[in-house]
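Here's the structure, in structure tokens; my notes come after.
No experiment lies behind these values; they were computed from the predicted model shown. Quick note on labels: first sequence line is chain A, next is B, and so on, each numbered from 1.
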Amino acid sequence: MQYNFNEIEAKWQKYWAENQTFKAENNSDKEKFYVLDMFPYPSGAGLHVGHPLGYIASDIYARYKRHKGFNVMHPQGYDSFGLPAEQYAIQTGQHPAITTATNVKRYREQLDKIGFSFDWSREVRTSDPKYYKWTQWIFIQLFNSWYNKNTDKAEDISTLIAVFEKEGNATINAVSDEDVAIFSSEEWKSFDSKKQQEVLLQYRLTYLAETEVNWCPALGTVLANDEIVNGVSERGGHPVVRKKMTQWSMRISAYAQRLLDGLDKIDWPQPLKDSQTNWIGRSQGASVKFRVQNSELGVASENPSLFIEVFTTRPDTIFGVSFMTLAPEHDLVLQITTPEQKADVEAYIEATAKRSERDRMADVKTISGAFTGAYAEHPFSKEPIPIWIGDYVLAGYGTGAVMSVPCGDQRDYDFAKHFNIPIPNIFEGVDISEEAFADKDKTVIANSDFLNGLKYKKAMKLAIYELEKLGQGQGKINYRLRDAVFSRQRYWGEPFPVYYVDGMPQMIAPEHLPIALPEVEKYLPTETGEPPLGNAEVWAWCTKENKVVPNSEINNTCTFPLELNTMPGWAGSSQYFNRYMDPHNENEIFSKEAINYWQDVDLYIGGSEHATGHLLYSRFWQKFMFDRGFVPKDEFAKKLINQGMITGTSAFVYEALTPENVPNVYFSAEVFTQDDFVESPEHWTELEEFCNKYGLNKKELTSTIRSIHIDVSFVDNQSSIDIDALRKWREEFSEAKFFCENDGKMLAHHEVEKMSKSKYNVVNPDEICEEYGADSLRLYEMFLGPLEQSKPWNTAGITGTHSFLKKLWRLYFDDNGAKFTNAEPTKDNLKTLHKTIKKVEEDIANFSFNTSVSTFMICVNELSSQKCTSKSVLESLAILVSPYAPHIAEELWSQLGNAESISTAPFPAFDASHLVESSKEYPISFNGKMRFKLELPMDFSKDQIEEAVMAHEKTAQQLQGRTPKKVIIVPGKIVNIVG
RNA sequence: GCUCGAGUGGUGGAAUUGGUAGACACGUUGGACUUAAAAUCCAAUGGACAUUAGUCCGUAUGGGUUCAAGUCCCAUCUCGAGUACCA
């Protein structure tokens with residue numbers, strides 16, 4: 001009987017689908033276990049071999065947990081809103097929904113072929129109105145909430161209104177906009193409705209705010225920092241300007257401390273936690289106000305804007321301040337600059353505006369800045385402090401201004417050196433002639449009036465105390481985390497459930513959701529620069545009928561315009577893991593029963609690129625949902641594993657530029673390497689003839705050589721290129737002249753790069769499934785290396801796991817059919833089996849799937865040479881293999897006479913008694929170098945071991961008459977003789 | 001610049017608490033079977049020297065700790081990922 005994988009795999013995939021083998025129920029006697037993958041964006045390129053890596057790992061874990069008796073939920077869906085479908089729509093006019101549906105279908109077919117144990121009955125798509133109904137619903141909940149710092153949680157906005165009515169906002173301890181005016185309860189009551197709404201918007205967890213964006217007028221869109229290169233748009237090279245826009249924001253900053261604290265509770269990779277910690281960026285210090293000395297602008301005490309507020313982590317160094325630096329964008333800059341300095345400052349501001357934040361960051365060597373001519377007053381010494389502007393200070397962080405202490409901060413130090421600003425030393429016994437001194441723990445303050453002789457901690461406390469007395473500062477904790485902009489000027493995203501009355505946003509009542517995306521003629525922004533939804537003709541809200549109606553009916557009395565922005569990509573992915581628990585519920589986002597049963601994700605697998613995006617926003621929404629009592633856990637995933645990226649091997653040929661009417665010229669990789677020709681007279685002659693024929697200069701021709709990508713599918717395992725296929729592939733190759741190796745082969749050269757369609761190095765899993773089977777692919781992807789490490793894809797090795805499966809099959813069957821018998825397993829059989837059980841369970845616990853594949857190989861090699869036919873051993877082996885190679889396992893299981901699917905068969909129990917050894921082969925080392933091995937009984941004492949080793953002839957040979965100084969014996973491990 | 005991670009044969013990688021470096025595969029070479037090929041099986045495979053026995057070198061580099069270091073410590077180099085110069 002042959003191992004016919006195509007037949008077997010198709011058969012069991014059909015069986016699983018028909019029997020709903022992996023459907024998880026929302027209640028069970030079994031313990032629950034929730035295994036989640038980051039759902040894919042269904043791109044037009046289809047699935048490549050990098051995608052399934054994490055899915056295979058999570059599938060192994062899910063299947064293993066089923067064998068261990070858990071009620072496992074392993075859902076899958078699609079993050080189906082996104083830019084590529086929209087851009088395709090812009091180019092072709094095809095509706096993104098159609099593109100998306102086609103791509104989803106393709107993904108599903110590809111996923112099905114790999115044999116995942118997904119519960120497809122729970123599938124969600126973020127672009128499905130039935131799904132985004134609940135994304136809109138959460139938005140409304142956020143709008144109707146504020147953050148109470150006293151209770152440290154989000155509460156319904158009605159509790160805030162109650163306080164306003166009772167006592168105004170003076171006593172409120174809430175997270176809000178910074179510039180909220182104080183009002184009394186009487187004033188609140190006297191506000192008209194619009195004013196009240198304006199005030200409330202300053203407290204809501206999602207709010208409208210003026211945000212600076214990178215606006216590209218030519219493209220009519222907002223660009224990310226990423227999309228800007230050298231101050232112009234990456235696409236098309238159009239100018240980009242900073243522009244203020246009113247956009248929705250999420251008050252994630254309210255959760256900064258809880259997002260930090262929560263990291264301690266979850267088992268996530270440390271590097272990922274570190275990057276979230278850095279992103280949130282908590283720092284403790286003080287805010288200090290410096291009075292601006294500028295007679296022309298009046299007296300600072302009468303004009304509050306003449307204070308410069310800074311945040312510093314080192315208030316203890318306040319006497320070391322020798323200048324101040326403002327971000328060039330700081331509001332005060334133009335106000336305080338003296339007429340003499342005006343030209344300098346303006347030139348510097350202009351120069352800075354042209355540099356992106358990325359540029360400013362990458363360039364640490366160039367020190368630049370300008371003096372404003374203005375001075376601030378030191379809060380204690382009252383000495384004047386020059387005020388500079390410099391691009392190392394960023395407007396977006398803190399107050400956009402720093403007090404510069406050159407002796408304690410290297411950047412300030414470099415700046416001071418560069419501009420010849422004094423560098424006073426305020427540290428006891430420290431030399432600062434070469435560099436700044438930033439070691440807080442070793443700090444003892446000097447030359448600092450009342451702080452002299454104090455260490456960092458005490459000096460900091462005292463400095464804050466004294467600043468508070470002056471009314472010019474206070475202790476403060478600062479976070480880098482900024483509120484998240486939630487508006488996008490795109491078509492293919494969730495519409496907001498928002499309409500505007502008199503310029504104020506109004507929520508549509510949840511019972512009228514979803515608000516479906518309107519149809520538009522064009523997916524581009526409108527000519528007036530409005531988002532694509534501005535093109536919609538039916539996009540107004542009628543408050544009488546509670547439905548979307550044509551724009552022509554807008555009368556601003558009962559029919560109003562709807563929001564034109566859409567939500568960002570992360571909106572749909574921030575609660576999808578909870579929606580899977582009850583995906584078809586039309587009345588609630590999920591039922592109480594479902595969320596209380598499933599609680600949270602037990603294992604989440606996905607890429608680390610989402611560290612500060614999706615994984616932070618999702619934690620934020622989960623905490624919000626927790627505060628409002630919708631979910632029982634304030635962290636959504638207990639454990640997270642990052643799978644590494646699979647890189648592709650790109651193939652290149654060397655191309656020389658030829659004039660028109662001359663065939664294109666390509667060189668084999670070993671004829672031409674790096675920058676030069678390998679000595680090879682034959683080719684020189686051939687090239688000579690070629691050049692003579694077309695009247696070309698050989699030197700000129702070869703100086704133009706560059707390497708260009710070709711599709712990896714034209715290259716075999718020996719790097720040999722299929723020239724005929726290449727000629728058919730693209731026009732430039734069809735008539736080309738190829739300079740091959742002496743043996744006539746055309747060789748490609750390779751480089752490892754990220755797998756991408758544009759690099760022609762994408763390897764598609766379909767062909768591998770066809771040629772070797774899904775089980776071979778699954779094993780091979782795991783066998784490549786540690787899950788979390790990035791690794792290159794190379795199909796060459798797949799024959800290894802494929803022939804393993806054939807060997808496994810031959811353990812059960814030969815040409816005459818089944819080999820298994822009811823024979824008692826031998827001692828060796830049991831030893832091999834239990835050794836394997838132990839190792840595989842350890843490996844799964846450590847997510848070390850690569851080593852369990854080798855363990856299976858060793859097991860099958862051993863059982864084969866033991867000629868094992870014992871049915872009981874072979875049955876256990878089938879279960880062990882089943883999470884990794886489920887199709888073959890099902891087939892073997894059924895051939896062994898089992899009627900049910902193997903998927904819930906109990907995992908074999910490990911029995912240590914089969915591994916007890918009676919003897920051990922000791923490595924005998926001399927001075928740490930292993931010289932020979934000696935088999936000794938396991939129960940020998942140290943003395944007995946020493947006696948046996950010393951009596952051995954090879955020991956005498958090694959010692960050559962010397963007496964050992966010392967003999968180290970670790971029973972059961974090693975013997976080391978020193979001497 | 002900062003943060004995190006990683007450097008082991010021709011290749012992917014193994015060595016989980018310091019204890020036999022290179023498991024398991026790929027590739028390569030040789031052999032068996034075959035008219036031939038595929039498939040399968042067997043053997044060899046870190047480097048150098050040595051007929052054999054064996055010896056020496058070897059986990060990016062240089063030091064150190066230890067009876068013993070891929071593993072621990074210090075310094076350096078290289079590569080990768082992230083990044084918002086975060087005061």
Side-chain angles (χ1 to χ4, degrees), chain A residues 2 225 269-275 277-279 281-283 285 310-314 317 325 357-358 360-365 390-394 396-405 408-412 414 438 478-482 608-609 611-612 642 644-645 647 717-718 752 779-780 783-786 788-801 803-804 806-807 810 839 842-843 845-846 848 850-859 861 921-933 957 964-970 972-979:
Chain A
Q2 289 289 311
N225 280 346
Q270 195 56 43
L272 191 142
K273 286 189 186 182
D274 289 346
S275 71
T277 304
N278 291 337
W279 192 263
R282 181 187 202 270
S283 51
V310 303
F311 174 77
T312 175
T313 52
R314 298 294 304 273
T317 62
T325 317
E357 283 198 355
R358 285 264 163 103
R360 279 162 73 169
M361 179 183 57
D363 182 13
V364 290
K365 283 169 204 141
D391 69 0
Y392 76 102
V393 177
L394 296 183
Y397 180 72
T399 59
V402 299
M403 58 175 231
S404 303
V405 184
D409 181 288
Q410 194 59 43
R411 284 161 316 189
D412 295 346
D414 295 339
N478 201 48
Y479 299 93
R480 310 193 295 168
L481 185 68
R482 296 179 206 155
S608 59
E609 66 272 21
T612 52
N642 288 131
M645 186 173 65
T647 48
N717 290 340
Q718 274 80 48
V752 171
L779 285 175
Y780 185 57
F783 191 57
L784 273 180
E788 307 198 31
Q789 200 171 295
S790 89
K791 50 215 162 240
W793 179 261
N794 178 0
T795 354
I798 197 157
T799 53
T801 54
S803 57
F804 157 74
K806 286 195 276 191
K807 264 189 220 169
R810 279 199 305 279
K839 180 79 168 102
E842 284 167 2
D843 285 345
N846 294 324
S848 176
N850 55 328
T851 50
S852 28
V853 177
S854 350
T855 304
F856 290 135
M857 289 172 170
I858 294 167
C859 176
N861 288 346
E921 193 178 40
Y922 278 93
I924 314 296
S925 350
F926 291 80
N927 298 317
K929 280 180 185 154
M930 205 279 287
R931 289 305 180 195
F932 64 93
K933 289 176 190 172
Q957 200 184 320
K965 288 191 196 115
K966 206 171 174 184
V967 180
I968 310 279
I969 293 164
V970 185
K973 279 224 161 132
I974 198 169
V975 176
N976 189 17
I977 296 163
V978 187

Strictly distance-based, threshold 3.5 Å: is any side-chain N or O of [X] a donor or acceptor partner for the main-chain N or O of [Y]?
{"X": "Ser925(A)", "Y": "Arg931(A)", "value": "no"}
{"X": "Asn976(A)", "Y": "Gly928(A)", "value": "yes"}
{"X": "Asp409(A)", "Y": "Val405(A)", "value": "no"}

Quick one: label [X] by what it contacts on the DNA or RNA (base, sugar-phosphate, nothing), any heavy atom closer than 4.0 Å.
{"X": "Ser404(A)", "answer": "nothing"}
{"X": "Leu784(A)", "answer": "sugar-phosphate"}
{"X": "Gln270(A)", "answer": "nothing"}
{"X": "Asn861(A)", "answer": "sugar-phosphate"}
{"X": "Asn850(A)", "answer": "sugar-phosphate"}
{"X": "Asp274(A)", "answer": "sugar-phosphate"}
{"X": "Arg282(A)", "answer": "nothing"}
{"X": "Thr799(A)", "answer": "sugar-phosphate"}
{"X": "Thr313(A)", "answer": "sugar-phosphate"}
{"X": "Asn278(A)", "answer": "sugar-phosphate"}

Identity of whatever pairs with [N] - Watson-Crick or G-U, under 3.5 angstrom:
{"N": "C24(B)", "answer": "G12(B)"}
{"N": "A48(B)", "answer": "U55(B)"}
{"N": "C41(B)", "answer": "G31(B)"}
{"N": "C86(B)", "answer": "none"}
{"N": "C4(B)", "answer": "G80(B)"}
{"N": "U71(B)", "answer": "none"}

Rounded distance (Å) that lies between atom [atom2] of [N] and atom [atom1] of [X]:
{"X": "Met857(A)", "N": "A14(B)", "atom1": "CE", "atom2": "C1'", "value": "13 Å"}
{"X": "Ile969(A)", "N": "A68(B)", "atom1": "CD1", "atom2": "P", "value": "16 Å"}
{"X": "Arg411(A)", "N": "C86(B)", "atom1": "CZ", "atom2": "P", "value": "5 Å"}
{"X": "Glu788(A)", "N": "C4(B)", "atom1": "CD", "atom2": "C1'", "value": "13 Å"}
{"X": "Asn478(A)", "N": "A87(B)", "atom1": "CG", "atom2": "C1'", "value": "10 Å"}
{"X": "Asn642(A)", "N": "G80(B)", "atom1": "CG", "atom2": "C1'", "value": "15 Å"}
{"X": "Phe783(A)", "N": "A23(B)", "atom1": "CZ", "atom2": "C1'", "value": "10 Å"}
{"X": "Trp279(A)", "N": "C86(B)", "atom1": "CH2", "atom2": "C1'", "value": "12 Å"}

Comparing Glu921(A) and Thr855(A) on RNA chain B - which has the more 5′ nearest nucleotide: Glu921(A)
Could you please name the option among [options] that lies closest to any side-chain atom of [X]?
{"X": "Thr851(A)", "options": "C41(B), U55(B), A14(B)", "answer": "A14(B)"}
{"X": "Lys807(A)", "options": "A84(B), C41(B), C85(B)", "answer": "C41(B)"}
{"X": "Pro271(A)", "options": "A23(B), G5(B), U40(B)", "answer": "G5(B)"}
{"X": "Pro786(A)", "options": "G13(B), C85(B), A87(B)", "answer": "G13(B)"}
{"X": "Lys806(A)", "options": "U40(B), G13(B), G19(B)", "answer": "U40(B)"}
{"X": "Lys929(A)", "options": "U20(B), C57(B), C85(B)", "answer": "C57(B)"}
{"X": "Arg482(A)", "options": "A84(B), A14(B), U20(B)", "answer": "A84(B)"}

Distance from [X] atom [atom1] to [Y] atom [atom2], nearest 0.5 Å?
{"X": "Phe804(A)", "Y": "Asn861(A)", "atom1": "CZ", "atom2": "CG", "value": "8.5 Å"}
{"X": "Lys839(A)", "Y": "Ser848(A)", "atom1": "NZ", "atom2": "OG", "value": "5.5 Å"}
{"X": "Asn278(A)", "Y": "Thr612(A)", "atom1": "CG", "atom2": "OG1", "value": "10.5 Å"}

- request: Please state the C1' separation for the pair G9(B) and G27(B) - nearest whole angstrom.
  value: 12 Å
- prompt: Say you pick atom P in A50(B) and the same atom in G64(B); how far apart are they, in whole Å?
  reply: 33 Å
query: Is the number of heavy atoms from other residues, nucleotides or ligands under 6.0 Å of Gln2(A) CD greater than 12?
result: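 Not more than 12 within 6.0 Å, no.
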Anti or syn - G9(B), cut at 90° from 0: syn
